[in-house]
Protein chains: 2
Amino acid sequence: MAEIGHGGKEIVERILEPKEAVERIKGLKSIPVRDQIAKEVINIGYGFFTPLQGFMGKDDLDSVVKTMKLKDGTIWSIPILFDLSEAEVSDYGIKAGDTVLLTYEDNPLAIFEIEEIYTYDKKEICQSVFGTTEEKHPGCARTYKYKDKFLGGKITLVNRPKINPPFEPFFIPPLQMRKIFREKGWQRIVAHQTRNVPHTGHEWLMKGAWLQAYGELPIEKPIVGVLVNAIIGEKRKGDYIDEAIILTHQKLNDAGYFGPHNHMVSLTFWDMRYAGPKEAIFHSMLRTNLGLTHHMFGRDHAGVGDYYDPYDAHRLIISVQDELRIKPTFSMNWLYCPHCGEVTNEGLCNHKDEWQKFSGTLIRSIVMDGVKPPRLIFRPEVFDLVMECAEKYGFGSPFVTDEYLEKRTPVFTIPPLKA
Amino acid sequence: MAEIGHGGKEIVERILEPKEAVERIKGLKSIPVRDQIAKEVINIGYGFFTPLQGFMGKDDLDSVVKTMKLKDGTIWSIPILFDLSEAEVSDYGIKAGDTVLLTYEDNPLAIFEIEEIYTYDKKEICQSVFGTTEEKHPGCARTYKYKDKFLGGKITLVNRPKINPPFEPFFIPPLQMRKIFREKGWQRIVAHQTRNVPHTGHEWLMKGAWLQAYGELPIEKPIVGVLVNAIIGEKRKGDYIDEAIILTHQKLNDAGYFGPHNHMVSLTFWDMRYAGPKEAIFHSMLRTNLGLTHHMFGRDHAGVGDYYDPYDAHRLIISVQDELRIKPTFSMNWLYCPHCGEVTNEGLCNHKDEWQKFSGTLIRSIVMDGVKPPRLIFRPEVFDLVMECAEKYGFGSPFVTDEYLEKRTPVFTIPPLKA
């Protein structure tokens with residue numbers, strides 16, 4: 001059975017088995033890649049980026065910049081680029097038509113069939129993707145850091161990443177994910193994008209989206225599931241540590257606030273671009289490839305600063321909804337209402353003067369105080385686990401510190417290749 | 001603008017203005033009608049029963065019994081019949097082709113253009129509508145009490161009912177209701193069928209249905225409303241008194257658990273038939289005529305005893321959904337989970353061993369004790385109002401007693417007709 005992903009294209013899986021890989025890489029020049037590129041190579045190989053089979057050539061990049069579509073007409077919002085400096089191109093002695101081996105941490109990662117080497121105006125990319133060319137926008141900053149030459153061409157993984165504890169169970173690529181959904185019998189699956197430890201506001205965002213996706217389905221038993229898909233990528237100081245994010249979401253399931261019948265947790269490797277609306281489109285593409293049917297979008301999805309109107313992402317999604325294979329569920333804020341005595345929704349409850357909104361700052365200060373908050377704000381099992389993660393993985397802190405950045409176990413490593 | 005109701009037919013409104021009414025009833029024979037028939041006359045006149053313009057003739061009845069459709073092909077599930085005994089027909093000296101005046105409490109109610117007088121096998125009606133011919137089924141009992149002759153023909157109201165306090169604001173016929181919905185800007189409106197004082201389980205049923213109807217709507221502001229449509233009809237001892245039902249639902253709105261932006265309360269006069277699936281269809285027809293787009297159906301909707309499987313109503317609705325102009329939202333149970341510390345849904349929470357389900361009996365015993373329950377079970381404002389209603393309208397009890405049945409102010413009266 002063909003697994004159909006974004007753009008109606010069959011899910012890409014470009015991974016060689018070790019025996020063939022060992023043969024195929026013989027004699028290839030090696031080019032080491034940095035962390036971001038390694039993650040994107042993995043995503044291409046496993047089909048997270050379907051229909052992309054490799055890094056973009058100039059035609060695709062130009063088409064994405066100018067029309068938000070690949071040159072074949074498929075919606076695509078964020079360029080996937082492989083960059084080298086002119087000096088590197090020259091030092092490696094590579095040219096269009098060459099095939100090279102990409103390595104990560106000195107081990108073989110993927111075969112890269114270089115189809116073209118080109119340049120492109122980074123400001124034009126920034127203006128299109130981020131709506132700004134300002135260097136203080138983190139997406140622009142990342143783009144400006146690309147070196148001057150882009151290399152387009154197909155990627156084939158020669159080595160599967162080793163996912164390190166405690167992340168192993170959560171790396172579930174598209175084909176495997178779709179198999180799990182079929183086993184669970186889920187017919188509608190709604191994506192929850194997260195980089196947070198969940199408070200009850202997040203929990204009810206998911207519960208509300210579950211109800212929204214449940215909609216008018218004429219069924220006796222729930223066949224709707226929520227997939228928490230944590231974005232694991234570059235960390236900044238003050239972020240929650242990855243281990244706490246993923247394990248606490250799983251804890252909501254293990255502790256019964258959800259159950260295996262309606263909820264699961266996974267991760268996708270991706271360095272956030274903070275592209276707001278364009279990143280919302282990108283997330284919907286990723287989750288389509290994972291087999292999801294619905295995607296939650298809250299206010300200012302994947303935004304940063306005040307670059308985007310809180311509903312720009314919604315508007316862009318709506319404008320191309322017919323070309324996406326995933327339906328947006330639009331989330332309103334959930335908050336704690338002391339009058340109702342419970343978590344409720346700003347669209348439902350009218351005790352506006354009494355509402356206590358969940359703010360990242362509030363929750364952060366609760367966590368920092370280390371005093372267990374009320375279960376209607378933060379589930380006790382989640383709180384305990386945050387503290388445990390701080391000790392076990394965070395060098396005493398649930399938030400990213402310099403020490404964490406320096407000493408943490410990486411989420412994945414690339415092992416030596418053995419036939 | 002034509003207002004389109006059930007079956008795609010324009011909303012019926014057959015009501016004469018007093019001046020014309022006084023002229024038209026001159027010289028007509030008077031036939032007094034009992035309470036059930038008066039309510040159905042009012043419903044026909046105001047278009048609650050669109051496309052019916054009167055009581056059913058034999059062809060329509062036969063078609064409904066055999067195919068669940070009127071003879072013009074419109075889905076219709078419960079016969080609307082006007083009955084007289086053979087002796088009455090003879091005593092009144094009426095025959096097909098006659099026009100008579102129907103009176104209620106000695107005042108003029110409606111003109112009835114008798115088109116035919118016929119008989120029909122009541123057991124056949126019962127088997128079709130209730131799936132049983134057992135006399136202990138309250139719908140069968142009501143059917144067997146019909147006298148032997150049925151009269152079909154058009155109804156025209158000559159007099160509007162006077163709705164007595166505290167019910168006046170809640171009688172909102174189809175054309176007026178649709179105007180209100182337009183003013184509120186609601187695009188999706190979901191019906192909550194009730195004959196209960198609401199506990200938090202009911203409140204969340206409505207809130208959940210609101211989220212379900214909200215669904216994938218690409219909107220910034222909520223444009224979904226819940227209409228509580230209380231069925232006001234024959235009471236049995238032990239039921240909540242009508243005043244408590246309707247006022248407490250309004251109280252949920254006034255006290256901010258909902259607000260005018262997402263919730264309103266109205267009533268429909270109807271003696272429940274307890275026809276389960278067929279009554280579910282009937283309710284969906286009524287609410288279509290009121291301008292609603294969605295209808296909540298829970299377990300064993302309008303059922304009685306163990307005559308129907310809890311999901312028979314759902315199955316029947318699904319089987320004819322394409323012919324209805326209203327979409328079902330299927331409700332799961334909401335319950336109190338002490339582990340979550342809040343009201344939650346059996347499809348969401350997995351603390352099955354700890355669930356405290358809301359039972360009518362539990363809530364009833366809370367109300368009888370007169371001790372204010374926790375706000376997560378029963379809203380304090382609702383509780384206080386139930387007690388107030390008991391004093392003000394219930395002769396000391398929030399439940400129907402013999403004294404209430406005997407002494408209560410009727411919900412509506414028919415005033416003298418003045419030109």
Side-chain angles (χ1 to χ4, degrees), chain A residues 200 203-204 206-222 224 226 253-263 294 297 299 310-311 314-315 317-319 321 327-330 332 337 339-354 374-376 379, chain B residues 200 203-204 206-222 224 226 253-263 294 297 299 310-311 314-315 317-318 321 327-330 332 337 339-354 374-376 379 381:
Chain A
T200 51
E203 182 186 323
W204 273 98
M206 292 186 270
K207 289 181 169 177
W210 186 92
L211 286 162
Q212 286 175 250
Y214 185 79
E216 299 145 12
L217 263 192
I219 49 172
E220 293 172 27
K221 283 188 197 165
V224 177
V226 171
N253 190 315
D254 297 338
Y257 299 101
F258 292 97
H261 62 296
N262 64 9
H263 175 273
H294 289 67
F297 293 102
R299 280 171 57 91
Y311 293 101
H314 295 181
R315 290 189 196 100
I317 294 268
I318 291 163
S319 75
Q321 199 180 328
K327 288 181 184 169
T329 68
F330 295 94
M332 276 167 302
C337 174
H339 192 112
C340 290
E342 61 193 338
V343 178
T344 186
N345 183 298
E346 62 179 3
L348 290 171
C349 165
N350 208 26
H351 303 119
K352 294 198 174 80
D353 297 341
E354 300 176 57
R375 68 171 54 237
L376 281 173
R379 301 306 186 181
Chain B
T200 53
E203 183 186 322
W204 273 98
M206 292 186 270
K207 289 180 169 176
W210 186 93
L211 286 162
Q212 286 176 250
Y214 186 79
E216 299 145 13
L217 260 193
I219 49 170
E220 294 173 25
K221 284 187 198 166
V224 177
V226 171
N253 191 314
D254 297 339
Y257 299 101
F258 292 96
H261 63 296
N262 65 10
H263 174 273
H294 289 66
F297 294 102
R299 279 170 59 90
Y311 293 101
H314 296 181
R315 290 189 196 101
I317 294 268
I318 291 163
Q321 197 177 330
K327 289 181 185 169
T329 67
F330 295 93
M332 274 166 304
C337 173
H339 192 111
C340 290
E342 59 195 338
V343 177
T344 187
N345 183 299
E346 63 179 3
L348 290 170
C349 164
N350 208 25
H351 302 119
K352 293 198 176 79
D353 297 341
E354 300 177 58
R375 67 172 53 237
L376 282 173
R379 301 307 186 180
E381 299 90 340

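Labels below follow one simple rule: chain letters A, B, ... track the order of the sequence lines, proteins then strands, and each chain is numbered from 1. We use all heavy atoms of the structure for the numbers below, so side chains are in, but hydrogens, waters and symmetry mates are not.
Using the six-membered ring where Trp is involved, B:Y257 and A:H351 have ring planes that are perpendicular, over 60° apart on the 30 and 60° scheme.
Note that OH of B:Y214 is 10.0 Å distant from CG of A:L348, once rounded to the nearest 0.5 Å.
The two residues A:P260 and B:N350 make their nearest non-hydrogen contact at CD-ND2, 3.8 Å. When every heavy atom of A:G347 is checked against every heavy atom of B:N262, the shortest pair comes out as O-ND2, 2.8 Å. Counting all heavy atoms, side chain and backbone alike, A:L376 lies closest to B:G341 at CD2-O, 3.6 Å.
Annotation: side chain of A:E342 is not in contact with side chain of B:R375 (no heavy-atom distance under 4.5 Å). Counting only heavy atoms from C-beta outward, the side chains of A:T200 and B:C340 never approach each other to under 4.5 Å.
In terms of heavy-atom pairs under 4.5 Å with chain A, the best-connected choice from B:H339, B:K207, B:E203, B:R299 is B:H339. Between chain A and the residues B:G208, B:A255, B:G256, the most heavy-atom pairs under 4.5 angstrom are made by B:G256.
For A:R379, the part lying near chain B is the side chain, with the backbone staying farther off; criterion is any non-hydrogen pair under 4.5 Å. Heavy atoms of A:A209 lying under 4.5 Å from chain B are absent altogether. With a 4.5 Å cut-off on non-hydrogen atoms, B:V226 does not touch chain A at all. Looking at B:L211, both its backbone and its side chain come within 4.5 Å of chain A, counting heavy atoms on both sides.
With sequence neighbours excluded, the residues satisfying ring pair (Phe, Tyr, Trp, His ring centres under 6.0 Å) with B:F258 are B:H263. Under the side chain to side chain donor-acceptor pair (under 3.5 Å) criterion, A:N345 pairs with no residue, sequence neighbours left out.
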